[in-house]
Amino acid sequence: MFGQVRAVSDNSPIFMIKVSVYRSDLTEIDHVFTDEEGRYVVAVAADETVTVRFDTHHSLTNAADWQPSLVANVVTSDSTALDRCLLPAGQDFGAASNMDALNGYVIAAAVGEGEEYAATAVKRLSMLKQPSLVLQGLQNRLLAHFSELT
């Protein structure tokens, strides 16, 4: 599995984004970080159905700069790229981008990201603007969850 991660705002490549691949039970298969050109390669068997999270890592200088993104039920391939655009923290590119970021935080909570992750998650989550009361409620619940961990 391979691809490139870029900014939704200007299509520039994003360095050091953590790309995590999970099985259907949310156990992590592997993770890698993007290179200077935003490219990544993960060694995953072809034709496996996986979930992929694109996110920052708490120990890196870009930890508060990008909202996460999630792609569920992807069939892995060595011939088709899985490219992704991330939303810069503090920017708004519409409801779909904001909902995508929420899904990234949902899986982060589900896989048990801890205190280190929670600190930047609270900061980034508080910058999102959701278009409906339901999504605002989910965002508030995620903020409460990650705030409890800090």
Side-chain angles (χ1 to χ4, degrees), residues 1-89 91-122 124-125 127-132 134-135 137-139 141-143 145-146 149:
M1 168 181 268
F2 66 98
Q4 185 179 31
V5 180
R6 298 181 305 255
V8 71
S9 53
D10 63 6
N11 220 28
S12 61
I14 308 173
F15 180 50
M16 295 304 286
I17 292 298
K18 184 178 179 183
V19 180
S20 303
V21 181
Y22 303 93
R23 292 182 177 86
S24 62
D25 65 359
L26 298 183
T27 56
E28 185 178 285
I29 296 172
D30 198 4
H31 70 266
V32 297
F33 291 90
T34 58
D35 66 14
E36 293 85 0
E37 296 177 355
R39 298 191 186 285
Y40 70 92
V41 177
V42 184
V44 181
D47 298 321
E48 186 170 348
T49 302
V50 298
T51 295
V52 184
R53 178 171 59 132
F54 301 85
D55 205 344
T56 60
H57 188 270
H58 65 85
S59 68
L60 300 174
T61 57
N62 71 349
D65 296 345
W66 301 100
Q67 299 291 1
S69 180
L70 181 74
V71 183
N73 300 318
V74 174
V75 178
T76 59
S77 170
D78 291 334
S79 60
T80 305
L82 179 61
D83 294 344
R84 203 69 178 156
C85 289
L86 299 187
L87 177 66
Q91 295 188 24
D92 186 1
F93 279 83
S97 291
N98 291 334
M99 289 186 311
D100 180 39
L102 274 185
N103 287 329
Y105 291 114
V106 167
I107 195 168
V111 299
E113 290 285 2
E115 180 180 345
E116 297 88 0
Y117 180 86
T120 61
V122 168
R124 294 180 292 153
L125 260 168
M127 295 182 205
L128 288 174
K129 297 175 187 167
Q130 297 304 328
S132 74
V134 170
L135 295 173
L138 176 57
Q139 180 175 346
R141 181 61 195 113
L142 287 165
L143 275 166
H145 168 75
F146 287 117
L149 296 176

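Scanning both residues, A72 and T51, for their nearest heavy atoms gives CA-OG1, 3.7 Å. Smallest separation of non-hydrogen atoms from C85 and N11: SG-OD1, 4.2 Å. The two residues Q4 and P13 come nearest to each other via the heavy atoms NE2-CB, 4.0 Å. Considering all non-hydrogen atoms of both residues, A118 and L149 come closest at CB-CB, 3.7 Å.
Partners of T49 under the side-chain contact (heavy atoms from CB on, under 4.5 Å) rule, at least two apart in sequence or in another chain, are N73, V75. Listed by chain and residue number, N98, K129 satisfy the side-chain contact (heavy atoms from CB on, under 4.5 Å) test with D92 (two or more places apart in sequence, or in another chain). Annotation: side-chain contact (heavy atoms from CB on, under 4.5 Å) contacts of S12 (sequence neighbours excluded): A7, D10. For T120, the side-chain contact (heavy atoms from CB on, under 4.5 Å) partners two or more places apart in sequence, or in a different chain, are A63, R124. Under the side-chain hydrogen bond (donor to acceptor under 3.5 Å, both in side chains) criterion, S132 pairs with no residue at all, not counting sequence neighbours. Listed by chain and residue number, S79 satisfy the side-chain hydrogen bond (donor to acceptor under 3.5 Å, both in side chains) test with S77 (two or more places apart in sequence, or in another chain).
A distance of 6.0 Å separates CG in L102 from CG in L128, rounded to the nearest 0.5 Å. Distance check: F33 CZ to Y40 OH gives 14.5 Å after rounding to the nearest 0.5 Å. Considering CG of D55 and CG of L70, their distance stands at 10.0 Å, rounded to 0.5 Å. To the nearest 0.5 Å, atom CE of residue M16 and atom CG of residue L60 are 4.5 Å apart. Taking CG from L142 and CG from L125, the interatomic distance works out to 6.0 Å, rounded to the nearest 0.5 Å. One distance of note links OG1 of T34 with CZ of F54; it measures 10.0 Å at 0.5 Å rounding.
T76 places a side-chain N or O within donor-acceptor distance of the main-chain N or O of E48, the cut-off being under 3.5 Å. Between the side chain of D83 and the backbone N or O of G3 there is no donor-acceptor pair closer than 3.5 Å. A donor-acceptor pair is defined here as one N or O able to donate and one able to accept, closer than 3.5 Å; no such pair exists between the side chain of Q130 and the backbone of Q139.
Residue pairs meeting the ring pair (Phe, Tyr, Trp, His ring centres under 6.0 Å) criterion with at least one partner in residues 58-77, sequence neighbours excluded, do not occur; the list is empty. Pairs of residues two or more places apart, or lying in two chains, never qualify as salt bridge (Lys or Arg N to Asp or Glu O under 4.0 Å) while including a residue from residues 59-77. Within the structure, ring pair (Phe, Tyr, Trp, His ring centres under 6.0 Å) pairs that include any residue of residues 96-117 comprise Y117-F146 (at least two apart or interchain). Among residue pairs with one or both ends in residues 20-43, those qualifying as salt bridge (Lys or Arg N to Asp or Glu O under 4.0 Å) are E37-R39; sequence neighbours excluded. Listed by first and then second residue, the salt bridge (Lys or Arg N to Asp or Glu O under 4.0 Å) pairs involving residues 69-80 amount to none (not counting sequence neighbours). Applying the salt bridge (Lys or Arg N to Asp or Glu O under 4.0 Å) rule to pairs touching residues 104-120 yields R53-E113, sequence neighbours excluded.
Checked options V74, V42, V19; the residue passing with L82 is V74 (criterion: side chain to side chain contact (heavy atoms under 4.5 Å, CB included)).
At a threshold of 4.5 Å between non-hydrogen side-chain atoms, the residues D100 and L87 do not count as touching.
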